[in-house]
Amino acid sequence: MTVASSSTRPSSSSCSSMLSSLLVYTTTREVRIHEPSLALAYYACVGLLMLYIILGDFVAGHAYQASCTLVSSVDTKAKGQAIVENLPGKTVLDASDLVTSTGDGFFAATSLRTTQQLMGTCAGVRTSEQCTVDGDCKAGAMAWSGEQTGKCVDNPSGTPPKTCEVYGWCPGEPEGEAGTHDVQGVGNFTVFARINSRFECDGGRTYRYTNALGSEPTPGVNLFTINEMIEGLGELDAGMDVALTFAFNCDLDRGDVQKTCTPSISTRRLDNVDGSTLSEGYNLRTVTYGDSISWDNRTLTKWYGIRVRVRTVGRGRRFSASETFAHIGSGVAMLGVAAVITDFLLMYVFRHRAQLYELLAQRKVLVADATGSGGTAEEITDDNEQPLLR
Amino acid sequence: MTVASSSTRPSSSSCSSMLSSLLVYTTTREVRIHEPSLALAYYACVGLLMLYIILGDFVAGHAYQASCTLVSSVDTKAKGQAIVENLPGKTVLDASDLVTSTGDGFFAATSLRTTQQLMGTCAGVRTSEQCTVDGDCKAGAMAWSGEQTGKCVDNPSGTPPKTCEVYGWCPGEPEGEAGTHDVQGVGNFTVFARINSRFECDGGRTYRYTNALGSEPTPGVNLFTINEMIEGLGELDAGMDVALTFAFNCDLDRGDVQKTCTPSISTRRLDNVDGSTLSEGYNLRTVTYGDSISWDNRTLTKWYGIRVRVRTVGRGRRFSASETFAHIGSGVAMLGVAAVITDFLLMYVFRHRAQLYELLAQRKVLVADATGSGGTAEEITDDNEQPLLR
Amino acid sequence: MTVASSSTRPSSSSCSSMLSSLLVYTTTREVRIHEPSLALAYYACVGLLMLYIILGDFVAGHAYQASCTLVSSVDTKAKGQAIVENLPGKTVLDASDLVTSTGDGFFAATSLRTTQQLMGTCAGVRTSEQCTVDGDCKAGAMAWSGEQTGKCVDNPSGTPPKTCEVYGWCPGEPEGEAGTHDVQGVGNFTVFARINSRFECDGGRTYRYTNALGSEPTPGVNLFTINEMIEGLGELDAGMDVALTFAFNCDLDRGDVQKTCTPSISTRRLDNVDGSTLSEGYNLRTVTYGDSISWDNRTLTKWYGIRVRVRTVGRGRRFSASETFAHIGSGVAMLGVAAVITDFLLMYVFRHRAQLYELLAQRKVLVADATGSGGTAEEITDDNEQPLLR
């Protein structure tokens, strides 16, 4: 007889017996049920889960790769010549005059208005500064246009007819767009974008996207006209705030990322275009002082224009044993769900499986009052095991 | 007899037999132990784990949603009038004079000091430039205030009494805050913040938070005074570096994010407030040149003030079948822990369970020398199976 | 007899019987196989997986900690004196003249060229503006140097000999680096970097790295010379675009992060160094106007120099019960893989295990036509269970 019951094993040598008891592999006992519908249900569950894990998780979701952060720097340089309209003399300005760097991109002026101002007193320009008598104005109070002197004076612009007099930069900048000069040709300015990226999981390697395509600026890759950037983004009237996004999604396992990974480039308008007048367009003001020593006079320039924010988004992906194992682990766990579902079908759903249930139930042995019996394992034996599920 | 032993199954048609063997569902055999304390321990384990998974993971942790990145752009515009104190003439400046854009927000000057300088020679201003005789100074060496001429001269400020003469911008900017002019009223400047966000998992939709609440700037939402921004952040003395954070935490499944998601707005001081004199406050310097052709004279202005960096942080969450399945998978895996714990209790902890252990032990069959026997499966049979755990 | 078959359990009190059936713990039946090679294979599998999970996941991968985002602000301030070479008078400039803030760091000029320009007509400077007769030029067309007048004129620089005349800022800025003045001493400028960080999982606490080491600027920690920043990054010729990265990787469980976490500081060159002439170096242009009222004349300055972008990267890690549980859960799931592998070995690989297979096969009971039999559980019993795997 080749089988030894563990309860009758001799304990002569406790050490070798202990070793012997360790050199045992314990696995579960199984029952095989010849029920095609059940088997097919199980196979279907497993198949669907496998399909989901393989296609969804591994193929589409790149579960075998770790994702890593893109660190980028961006630099832009604009070139071009444009004409300011309706000035007494002909004025041709270039990008050094009209384009300023904003850290994350640039601002290119498309129209401008200059107001020469002196430090002094004048009528307020804002409707909120309207008055009818001096009593409406409070000397020393800060108003929109400056510090009120306490007088109510005629408003040169006529609307409103009378406003509180203020001390400050005079005259105040006109409301609305009166006096604004368009700048023709800014749309043809070319912008060279230099993008330098690094993926954190790609070691110290630097990914100079800009240089990926050769040593010349290439339209559509790293060279764009402003017209191209704002194409399809709506009216320019009062300026525009635009995001120019380079979206990288690079498989770093495919070799030199400089050759294999091309970003998708898109533009999006950031300022309001919903018809609301709140914060539509884009403008900014600069001041230059006639006298660098005292604040006697200044030139206030309001620039409408296009602010472009160049952005890089996206991630790199690189093979990761750790990620792969973790996803296989959770995949195996999910395959366990198939057995749970099929066991559930086995037990509760197949109504005609009443007998089957009985068969299983007999395999499930109920130990009642095991402790109360006081009997030894040997004592509580009998032979009425039903072997139909052997 | 409805049961066929697999070992005696006829192999007449190998194909149908193979198919038949595939259409079998294999599940584990189970033993049911009528031991209330064990059952309750198991239920408690399962209950706690379910509670943790459902409440902690799914309800609080939003495990059924994928988290996605917020991409934002910020723009600020300040308005207001303020008075520079202690100047010969009355000087009322506005936001165009006092507020500059910093890319991520703005800097608003609260005090300033101008120093008129000429290119030439003068005494150094710094303690490190102190000297007693010409030999202490080295012609051509670069010092704090300029290039040393090699002479030791009287220091007009008196502390230190004599310093090395330098060639450079003269006179040097005074140490400390002497000659600084406060600007009154900057705290009442209003700042309009335009925030435009997009959640990467929300398709191409743009979330214009600023416009969510109507078409007028709204105090506390997109309009703040500088006083509001620095409230509770301590002394302003030497300027302040402040983060104004809009924290979005948006459930994108709840419909139009523009209506359902409101950021929490907080401020935090970035410069040192620990009592250390290192890098407390905030200041910057600008220069304007009297002559644009040569560096003959300049006006150096040191501005103390409030730098505000507007930030958006946070993430969006959107239902994700993939995340849900992955978390259910790991939840199922963790439920398995309950069985492991209860089996451990069954085997080792319940001391009075000695008999129970024996019962289980008998269910665990020890195959000794299975290979060595050479016997067939049929040969090694006997009937002394103890069926007490049926 | 202490064992009651579930099929013969009396149903006198259905409620107590139901309760009784709930107070049953169901676990799997097991088979113990005394096969050392199998046991060792299993132990090896478990051991390797445990090692991987403990060492790879928990020790190296910090699986018991959640990772959280670093939010930083950076501010730099440069100090120093430098000499502009080859100017008629001696010119010693300081950081206020030569260093400008760029939002994410600074730009320090290392050479410069000024061009005095008037609004008017002159010959184009660019090769693309070359012409031989007036017919080559088109009046009103925008060229590189300005608006073409339609005349072909002699080019003062001689290369090309004749170019189209343009209206705009005249004369055009020379091509190449002619007329550029080096600035000596910029490499010795010191830059103080103020870094303020916060980890999102660290509550409202602010981490002022800059102040971590005392109240004085400390070389190598928060104080660097420009020479130190560009050391080993190659030729400076035409300027340089540099990333100065502070990489934080902080274990927030180790107490006060200000004391326990030191960033690693590295520099990286961002502009092209591959030998390509495309976008190598770094330069920018500024303009100042002689007359603030009209665009009559301007000084165009081209600055070559070092742009330094200060960055903080990295994350904090803090103990997370949720992460720990999730990784233990997936670890347990992966241990299940050991059983799957060993079962596979048991069934298919160990060739001499044929008998063993038979033994197992007999434990797997085939239920044929369980539904068709119509018999009750009691009816379908027999006693030929082979107990060799007991």
Side-chain angles (χ1 to χ4, degrees), chain B residues 2-4 6-7 28-36 38-39 42 56 61 102-104 119 142 146-147 167-169 243 270 272 274 276-279 285 287 292-293 295 300 309 313 330 333-334 336-337 342-343 362-368 370-371 377 380-385 388 390, chain C residues 3 5 23-35 71 73 75 81 83 90-94 96-97 103 116 185 194 196 206 208 210-211 215-216 288 290 299 322 326 329-330 332-333 352 355-356 358-359 361-362 364 366-370 373 375 380 383 385-390:
Chain B
T2 59
V3 175
S6 64
S7 56
T28 58
R29 297 172 82 172
E30 296 176 336
V31 55
R32 305 179 72 206
I33 300 166
H34 187 266
E35 172 57 42
L38 213 52
Y42 178 73
T102 57
D104 58 356
M119 186 60 67
M142 283 298 172
E147 190 189 28
Y167 183 89
W169 290 115
L270 300 172
N272 189 20
D274 299 353
S276 159
T277 54
L278 178 66
S279 76
R285 286 179 180 81
V287 286
S292 72
I293 297 170
W295 285 283
L300 174 67
R309 307 171 192 241
V313 299
S330 77
M334 282 172 71
V337 171
T342 321
D343 281 352
Q362 288 180 23
R363 276 293 121 193
K364 295 183 175 174
V365 181
L366 193 72
V367 179
T371 59
I380 47 171
T381 61
D382 69 21
D383 270 341
N384 61 356
E385 164 108 279
L388 32 101
R390 65 176 169 177
Chain C
V3 176
S5 162
L23 290 176
V24 160
Y25 174 58
T26 305
T27 188
T28 58
R29 298 174 81 172
E30 296 175 333
V31 55
R32 305 178 71 206
I33 299 165
H34 187 267
E35 173 56 42
V71 181
S73 70
D75 208 74
Q81 301 275 346
I83 298 177
K90 185 173 203 170
T91 303
V92 178
L93 300 183
D94 65 13
S96 295
D97 302 299
Q116 303 299 326
R194 179 157 80 177
N196 181 303
T206 295
R208 289 187 177 83
T210 308
N211 290 96
S215 60
E216 287 298 315
T288 51
T299 304
S322 151
S330 76
V332 166
H352 65 285
Q355 302 94 322
L356 222 157
E358 282 299 320
L359 298 184
Q362 289 179 24
K364 296 184 175 174
L366 192 72
V367 180
D369 305 314
S373 74
I380 47 172
D383 270 344
E385 164 107 279
Q386 287 92 355
L388 33 101
L389 296 184
R390 67 178 166 173

Please walk me through it: do B/R309 and C/N196 pass side-chain contact (heavy atoms from CB on, under 4.5 Å)?
CA-CA 12 Å; B/R309 307 171 192 241; C/N196 181 303; over 6 Å; no
Whatever's closer than 4.5 Å to a heavy atom in chain C on B/L270 counts as both
Taking ring-ring contact (aromatic ring centres under 6.0 Å, His included) as the test, write out the residues that go with B/Y42, two or more places apart.
C/Y25
Note: B/Y167 and C/T91 closest approach over all heavy atoms is CE2-N, 4.4 Å
If I measure from the heavy atoms of chain C, does B/T342 come under 4.5 Å with its side chain, its backbone, both, or neither?
both
Side chain to side chain contact (heavy atoms under 4.5 Å, CB included) partners of C/D97, counting only residues at least two apart
B/W169, B/V287, B/Y289, B/R298, C/L93, C/D94
Over all atoms of both residues, closest heavy-atom pair of C/V92 and B/G146
CG1-CA, 4.3 Å
Which heavy atom of C/K90 sits nearest to which heavy atom of B/M119, and what is that distance?
O-CG, 3.8 Å
